[in-house]
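Below is one structure, written out as C-alpha cells; comments come after it.
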Amino acid sequence: MSTVIAGSPPDSAIDNKLFLRMYRRMVMIRLFEEQVNDLYTRALMPGLAHLYIGEEAIAVGVCEALRADDYITSTHRGHGHCLAKGAAIDRMFAELLGKEAGYCKGKGGSMHIADPDTGNLGANAIVAGSAGIATGAAFSSKRLGNGRVTVCFFGEGALGQGVVYEVMNMAALWKLPVIYVCENNMYNEYTHISETAAGDILARGPAFGVPSESVDGQDVRAVYAVTKRLVDRARKGEGPAFLMANTYRFMGHHVGDISREYYRSKQEEQKWKSERDPIKVATEAILAQKITDQAALDQIQSEVKAEIENGVQFAMAAPYPNVDKVEQDVYA
Amino acid sequence: MSTVIAGSPPDSAIDNKLFLRMYRRMVMIRLFEEQVNDLYTRALMPGLAHLYIGEEAIAVGVCEALRADDYITSTHRGHGHCLAKGAAIDRMFAELLGKEAGYCKGKGGSMHIADPDTGNLGANAIVAGSAGIATGAAFSSKRLGNGRVTVCFFGEGALGQGVVYEVMNMAALWKLPVIYVCENNMYNEYTHISETAAGDILARGPAFGVPSESVDGQDVRAVYAVTKRLVDRARKGEGPAFLMANTYRFMGHHVGDISREYYRSKQEEQKWKSERDPIKVATEAILAQKITDQAALDQIQSEVKAEIENGVQFAMAAPYPNVDKVEQDVYA
Amino acid sequence: MPETAVAVRELTLGEAVREALAEEMRRDSRVFIMGEDVAEAGTAFKVLSGLVQEFGPDRVLDTPISEPGFTGIGVGAGMTGMRPVVDIMFGDFAGLIMDQMANQAAKIHYMSGGKWKCSMVLRTTLGATRRSAAQHSQSLHAWFCHIPGLKVVMPSTPYDAKGLLKSAIRDDNPVVFYEDKMMYKLKGPVPEEDYTIPLGVADVKRQGDDITIIATSSMVQVALGAARLLEEQGVSAEVVDPRTLWPLDEKTLIDSAKKTSRVIVVDEGYGRYGATAELASVIQENAFFDLEAPVKRMGAMHVPIPFSPPLEDATVPNERTVCEAALALCGK
Amino acid sequence: MPETAVAVRELTLGEAVREALAEEMRRDSRVFIMGEDVAEAGTAFKVLSGLVQEFGPDRVLDTPISEPGFTGIGVGAGMTGMRPVVDIMFGDFAGLIMDQMANQAAKIHYMSGGKWKCSMVLRTTLGATRRSAAQHSQSLHAWFCHIPGLKVVMPSTPYDAKGLLKSAIRDDNPVVFYEDKMMYKLKGPVPEEDYTIPLGVADVKRQGDDITIIATSSMVQVALGAARLLEEQGVSAEVVDPRTLWPLDEKTLIDSAKKTSRVIVVDEGYGRYGATAELASVIQENAFFDLEAPVKRMGAMHVPIPFSPPLEDATVPNERTVCEAALALCGK
Ligand SMILES: Cc1ncc(C[n+]2csc(CCOP(=O)(O)OP(=O)(O)O)c2C)c(N)n1
Ligand SMILES: Cc1ncc(C[n+]2csc(CCOP(=O)(O)OP(=O)(O)O)c2C)c(N)n1
Ligand SMILES: [Mg+2]
Ligand SMILES: [Mg+2]
C-alpha cells in the first residue's frame, strides 16, 4: 500500500514543532469527527455526514505544506480538509447544525463548507465537482501572479469523472499551479476500486502531461514532504502534479453506513485501524524519536477535546437563521 | 508520422482482390467528397459538410476488417465511414440534399447519416458524442453473444472530451468488443493538436486499461492489417483497443473553410497531398507489385465516377419530404 | 386503481419499484440495470436490494462514478437490442448527462428518419427536505420535459410507480422515471397480479368541485393533505395527477379546470421556468373562458436549496401553503 | 436607444459583441476569453477576429474540446479574481456544461452564505434555420432560466448586444449570454460612446395598441416583421423584448398586456416546457382580468430540429405565422 517517494526527506528533516503541530491537527480532526458521529447518533444533526476518520494525515500533511493564502477545494468528506486549512471548530459545528453562525450561515451544511479567509474554495457534493474550480483558481493565480497554489482534494471515485482528465490536460498545457490530491481509500461508497478503475491510476496523470506520485497517506510526514516538493515546484511555475495518497476510511461511507460487511470485511477494517491509524503512526514516531513524551501528547488530546466541546456547545446554543434569510445570497 | 506496427503482415499478406476493392472504395469516397464540394460551391447543398478527403485509407482499411453486421459510429466528418461500411451513394447524396429518399428521410443531413442495414449507428455532430453509444453497442453484443464488434470513429479533437475516458475505462473493466479509432489529422477545427493535448496520447488508453497502437493512416494495407488484428482480438472476448491512425485532412475543416493559411501553411498541405495521398500510396503499391495496370485503375476510376454521377442526379431529382412529415419519427 | 372487494397487499413505493424491475427482468432477458452501487448495496436508497442476488452481476451492474459515460452506454445498448435501466442516484446529477439524454437518446430516432430506436429508462430521484443541501435536493425534471424525444414519468403512489415503470421499460423510447426520495417509504395498495399503466393518462386522485389542484410526484400527497384541510373549511378540492409530464394528458387537466373554474399547479421543481409554467399555460390556453381566476403556480422558491432545516422547509410547498393559496383563490 | 440628432454608426450584431469585449478587456485586465478556436480563428462564426492580436494569447485562449472542463475552469477563475468570458460555440452543447453552470457557478454564492462570488459570462448561441440539423440548432436557454443563481441575457439588436454584454461582464454573478447565429450579420445603430444596459429592463421595441407580442432574441425581428404585416391589416401591435429572461422585467410585460389585452409570446426554444410558458404564466397571473383572450404561445415545434430545409422552416415561428396567430387572437 505505502510507496516510498523518491526525494522524500528523512523523518528528521521535518522539524519537531511542525510534527507536533500536525499531530495536534490530526487529533483535532479525529475528535471533531467523533463528535459529529455522536451528534448524528443522538439525532442532533440534520442530514448526514461523511467522516474523515482514518484519513487525517492527508489533509494535515498537505495543508501544512501550503501557505495560508493558498487555495484548497474539498469534497463531501471535507471536514478534515477545512480544519487542516485553518477553519474554526465552532463555526464548523454551527454550519453542520444549520445555524446562522456557521461558515455558510447554515445554507451550506456539511458538504459545502467554504471560507475565503482560509483559502477554502468550498467543499463540493458533486464527485469531482471541484476539479474545474480548483484548476480555474490556479489559472487566476498564474494570471494575477500572486504565487498561490491550489490543492484539489478528491477521492479515487472521482477518477470515474471525465472532467478530471479534461482539466488536468489544460493544467498541463498551461502549466497551472494546481496539485490534484487523490485520496485513495479504495471505496467509492460501497464499491471497491477494483470494480471501477481499469488500467493504472498512476499512469493517468502522465498520459495528460501531469507528473504523478503516490504516498503513504497514513504517514503525515511523508504526505507533508512530498506535497511540499510538489507545491514548491508548482509555485515556481513548473506546473501541476497528481498525488495519490493511499488510505482507508475507518468508518462508514456516511454516518448511517453501519453494517458494512457486505462490501468489506471486519478484518480489513480492523487491520487498518490497528496497524495503519495515522495518529498511532505519528504517536509512535514522536515517542520513538523522543520529540516529546506521552504526557505531553495526552495534554494535547485534552486541550483539543476542550476546544471541541466548546465548539459544539457554541453551535448547539446558536440560533437558526431567520426564515427571511432564505432569499438572501442568491445573487451577489 | 507513420509508425511501424509490430505484427503487421507484409504487404503481400493482403490479397490482391482485397487491395483492389479497398482502392475502389477509397476512390469512391474521394469522388463522392469532390462532388459534395462541388454541390456546395454551386450552392446546391443546404448547410455545410466536413470533407474526408485525405483520410480515406482509415475508413476503408478499418471497415474492410469488419463483418457486415459489425457496428460503426461516425462523426461530423462521416461520409467516408458510411460509404466504407457499405452505404449507397444515391441515398447518401439524397440525405445531404435533405431529400425524402435519403438515409434519414432528409431529417439527419450530412452529420447524422445512420443505417441499420450496414450496421451504421449514426454519424454524430457532438464531438465524442458517439463514444457512449459505441461502447453501449459493444455491451449489447457481449450480452447477446452475437459476436459483433463495434468501431467508434472520432477525431483527435474528441480526446478533449472526458467521456471518452469514462467509457474506455468501462470497456476495459467489462472487456467489451469495441475499437476506438482516433483519426489524428492534427487539427481540431483551426487549432493544432499541440495546443490542445498534453502528455502522451498513446499512453491514455493503457492508463484506462485499453491497449493502444498507432498506424500510418495513409496506408490502407497497414490500417486494414492492424484493425483486423484488434477486431479479431475483440471478437474473441479479449476486450477493447485504441487505435490512433495518423492522417491529414486535405481540405478545410468544412467546405467553407477556404483560407487556411492563418492556421496551417500551404507547404504543409502540399507536402501531405503530394507525398502522403492514400490513393497515390495505394496506386504506387498496386503498380509496383503489378497487381494490375494503370488502365485497369483508370477503368475503376471511370466506373466509380459514373456511379457518383448517377447518385447525384438521383438525389437532385428526388423530392423533398412533405412538410407534414415533420412531426413523424419523434417517438417510436 | 383496480376495483376489488378483498384488501390488496400494501407495498412501499421503493418496494413497488423493485417489484416492477424484478418482474420485467424475469419477463425479458434484455432488461438490465446499471448505475453506481446498484448491485450489492442495492443503491444508496436500498431500493434495489436483492436484485443482484436474483439476476447476477451481469444484469445488475455496478459502474464507476461516470454518469455521462454509463448513460451513454445505456443509449447505445438501448439502440442495439438491450433494455437498459440506468440509475442516476440523485436527480441533481442531471447536469452531467443532459448531452447524452437530450442530444443522443432523444434525437436518434428522429435523426435517423425513424430507423434506430433507443429503448432505455433512466431512473432518478427528486425532492428536497432531506437536509441534503443545494446539490442533492433538486427536482430538475423540467429540463427533460423540454426535450422532444424524451418521455417523463412522475409517479406519486406505489401503485402508479409499479404500473408506470413497467410501461416505461416496455416503451421503445427513452423514458426518464422520477422517484421522490421522501416517498420511498410511503405505503399503498399494489395488487399481486401483473398490470401496467399507460404513459400519458392522468389520474384524478380525488374528486372535487370548487378548485382543481394539479400536482406532480411528491406534491400529490401534499395536495391531498391540503384537500383534507380545505374540506374542513368547506372547500371541495379536486386533485389531478398528470402522472406523466410527457406525454401529457391535457384533456383530463382541462376538463377538471373547466369543471371547477379555479386551478393551482403544484410541483417541487423550481417555480421559475419550471413544469408549473407549462401546466398553467395549458390550462389558461384551453380553459381560459371557464376560469374565475388566474391559474396559480406553486413550485420551489427561486433559490438554491439551503441546508438549514427552517430555511429548507420554507422553500417547497406544503399542505398549509397549498391550502392557503387555495382559499385565497376561492376568495376565502 | 439614445436620442441623438446625428445619424449613429451602424454595426452588425457580431461587431457589437466584439466591440463590447474589446472595450471591457481594455477597461479591466481581469477580463479574458476562453473557448474553442477563439484566438486566431476568432471563433467558428468569426465574431472575435482581431481580439487575440490586440490582447494576446494569455487573454484570448484556445482550449481543447473540453466544454465541461473549461467551463469549470471559468467558474474557478471567476471566483478568484478574474472575469472569464467562456465561449460555448453552439448552444446545443449546454448539455455538457449544465453541471458546471447549475450545480457549481449558480450555487457557490448561496452555498457559501454569500462569501464567494462567481463573476463569469458564458457566451453561447441559439437559433435554427441554418441547416445545421438537430444537434446544432437548438435554443436551450430555458434550462438556464430554470436555475436560481444564473442570469440569462438574450439581446435582439446590435445596440442591446453591446450594452447588455458590458453589463454582463461587469456583473458579479454567472451570466449566460445568448447570441442568435442568424443575427450576427444584422446591422443596427451602435453609438461610439461607452454605454451599458442594465440587466432586468425590458424594451418596448415598437408601440402598439391592439395586441402585445412579447418576443426574445431572434424572434424580436420576426415579431417586428409580423407587426409590419399586421399594420397593413389595420392591427396595431406592440412588440416587447424582455432582453433578459432573468432577471425578468415583469412590470413592463404586464403593463403592455394590460394595455392591449391580447398577448402572444414568441421564443425560438422548444415550445413545450419552454420560456414561453413562463412568460405566458407571468402575464396570465398578473393581467388575467384585463385579457380578452388566453395568452398565445409560439415556440419551436416539439420535434428535434430536422435538416431538410422545408421541414426545418416549418419548425420555428416566422413573420407570417406570428401575423396569422395575432389576427386570430384579435378575432380577424
Ligand atoms: C457526480 C456524483 N455522482 C455520484 C455521487 C454520489 N456519491 C457521493 S460520495 C460517492 C463516492 C465517492 O467516492 P470517493 O470519490 O472515492 O470518495 P470517498 O467517499 O471514498 O471519500 C458517491 C458515488 C455524487 N455525489 N456525485
Ligand atoms: C462537443 C462539441 N464541441 C465542439 C464542437 C464543434 N466542432 C465540430 S468539429 C470540431 C473539431 C473536431 O476536431 P477532430 O475531433 O479532430 O475532428 P476533425 O474535424 O479533425 O475530423 C469542433 C470543435 C462540436 N461539434 N461538439
Ligand atoms: Mg474512496
Ligand atoms: Mg482533427
Side-chain angles (χ1 to χ4, degrees), chain B residues 71 73 95 100 102-109 111-117 120-126 128-144 146 148 150 152 161-171 173-174 176 178 321 325 327-332, chain C residues 29-30 32 34 57-59 61-84 86 96-97 99-120 147-151 171-175 199-200 246-247:
Chain B
Y71 292 119
T73 64
E95 189 59 37
E100 169 98 52
Y103 270 107
C104 312
K105 304 183 192 162
K107 286 175 174 165
M111 294 199 289
H112 301 292
I113 292 173
D115 176 29
D117 291 342
N120 181 349
L121 289 161
N124 211 307
I126 301 294
S130 64
I133 293 172
T135 311
F139 183 93
S140 289
S141 299
K142 176 150 185 175
R143 281 295 176 280
L144 299 171
N146 59 25
R148 293 178 172 186
T150 301
C152 178
Q161 293 286 347
V163 70
V164 167
Y165 309 102
E166 297 186 9
V167 299
M168 288 209 298
N169 183 52
M170 285 182 271
L173 285 169
W174 304 335
L176 303 182
V178 52
K325 299 284 169 67
E327 291 187 284
Q328 261 180 21
D329 303 319
V330 181
Y331 292 95
Chain C
S29 64
R30 300 167 304 171
F32 72 100
M34 68 193 315
D58 274 4
R59 295 185 67 195
L61 269 96
D62 278 337
T63 63
I65 310 175
S66 305
E67 285 85 358
F70 69 77
T71 302
I73 291 176
V75 177
M79 289 172 67
T80 50
M82 300 295 289
R83 295 194 163 263
V86 172
L96 294 163
I97 58 164
D99 184 64
Q100 295 299 330
M101 293 306 293
N103 279 332
Q104 310 300 342
K107 295 187 172 36
I108 277 154
H109 188 63
Y110 192 84
M111 291 192 308
S112 69
K115 299 253 184 71
W116 288 108
K117 287 188 284 211
C118 175
S119 51
M120 76 182 281
I147 302 301
L150 300 179
K151 298 186 177 181
D171 200 284
D172 277 340
N173 299 284
V175 180
L199 308 186
W246 198 264

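Lettering follows sequence order; numbering is per chain, from 1.
Of the listed residues (B:Ala125, B:Pro116, B:Ala131, B:Gly132), the greatest number of heavy-atom pairs within a distance under 4.5 Å of chain C belongs to B:Pro116. Considering only heavy-atom pairs separated by less than 4.5 Å from chain B, the leading option among C:Asp99, C:Asp171, C:Ile108 is C:Asp99. Put simply, of B:Val167, B:Val163, B:Val330, the one with the most heavy-atom pairs under 4.5 Å next to chain C is B:Val330. With chain B as partner, the option from C:Gly81, C:Pro64, C:Ser29 having the largest number of non-hydrogen pairs under 4.5 angstrom is C:Pro64. When each of C:Gly114, C:Gly72, C:Gly149 is checked for heavy-atom pairs under 4.5 Å with chain B, C:Gly149 comes out on top. For the options C:Met82, C:Glu67, C:His109, heavy-atom pairs under 4.5 Å to chain B are most numerous at C:His109. Most heavy-atom pairs under 4.5 Å with chain C, from the set B:Ala137, B:Ala114, B:Gly108: that is B:Ala137. In terms of heavy-atom pairs under 4.5 angstrom with chain B, the leader among C:Asp172, C:Val75, C:Leu150 is C:Leu150. Ranking B:Trp174, B:Tyr165, B:Tyr331 against chain C, the residue ahead of the rest is B:Tyr331, based on heavy-atom pairs under 4.5 Å. Comparing B:Ala138, B:Gly129, B:Gly106 by heavy-atom pairs within less than 4.5 Å of chain C, the highest count is held by B:Gly129.
Looking at B:Thr135 and C:Phe70, their side chains never come closer than 4.5 Å, going by heavy atoms from C-beta outward. Within the 4.5 Å cutoff, the side chain of B:Gln328 has no heavy atoms near those of the C:Tyr110 side chain. In this structure, C:Ser66 and B:Met170 have side chains that are in contact, with non-hydrogen atoms separated by less than 4.5 Å.
Interface remark: C:Ile65 contributes no atoms to any contact with chain B (heavy atom separation under 4.5 Å). Using a 4.5 Å cut-off between heavy atoms, C:Lys115 contacts chain B through both its backbone and its side chain. In this structure, the portion of C:Asn103 lying under 4.5 Å from any heavy atom of chain B is its side chain and not its backbone. Using a 4.5 Å cut-off between heavy atoms, B:Asn146 makes no contact with chain C at all. Only the side chain of B:Asn169 comes within contact range of chain C, with heavy atoms under 4.5 Å apart. With a threshold of 4.5 angstrom between heavy atoms, C:Met120 does not approach chain B through any atom at all. For a residue to count as touching a neighbouring chain, one of its non-hydrogen atoms must lie under 4.5 Å from one of that chain's; by this rule C:Thr63 touches chain B with backbone and side chain alike. Proximity to chain C is limited to the side chain of B:Tyr71, based on heavy atoms less than 4.5 angstrom apart. Contact of B:Ile113 with chain C is not made at all, since no heavy-atom distance falls under 4.5 Å. Of the atoms belonging to C:Asp58, heavy atoms from both backbone and side chain fall under 4.5 Å from chain B.
Here OG1 of B:Thr73 is found 9.5 Å from CE of C:Met79. Values are rounded to the nearest 0.5 Å. B:Asp329 contributes atom CG, which lies 14.5 Å from atom NZ of C:Lys107 (distance to the nearest 0.5 angstrom). B:Asp115 contributes atom CG, which lies 9.5 Å from atom OG of C:Ser112 (distance to the nearest 0.5 angstrom). Once rounded to the nearest 0.5 Å, the distance linking CD of C:Gln104 with OG of B:Ser130 reads 7.5 Å. Considering CD of B:Glu166 and CD1 of C:Ile73, their distance stands at 9.0 Å, rounded to 0.5 Å.
Side-chain N or O atoms of C:Asn173 include one that pairs as donor or acceptor with a backbone N or O of B:Ala332 at under 3.5 Å.
Aromatic pair C:Phe32/B:Phe139: ring centres closer than 6.0 Å.
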Query - side-chain contact (heavy atoms from CB on, under 4.5 Å) between C:Thr80 and B:Leu121, worked out - result: CA-CA 9 Å; C:Thr80 50; B:Leu121 289 161; 3.7 Å; yes
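With a 6.0 Å radius and a threshold of 12 heavy atoms from other residues, nucleotides or ligands, C:Lys117 has its NZ atom at or below the threshold. The 12-atom threshold is exceeded at CD of B:Glu100, counting heavy atoms of other residues, nucleotides or ligands nearer than 6.0 Å.
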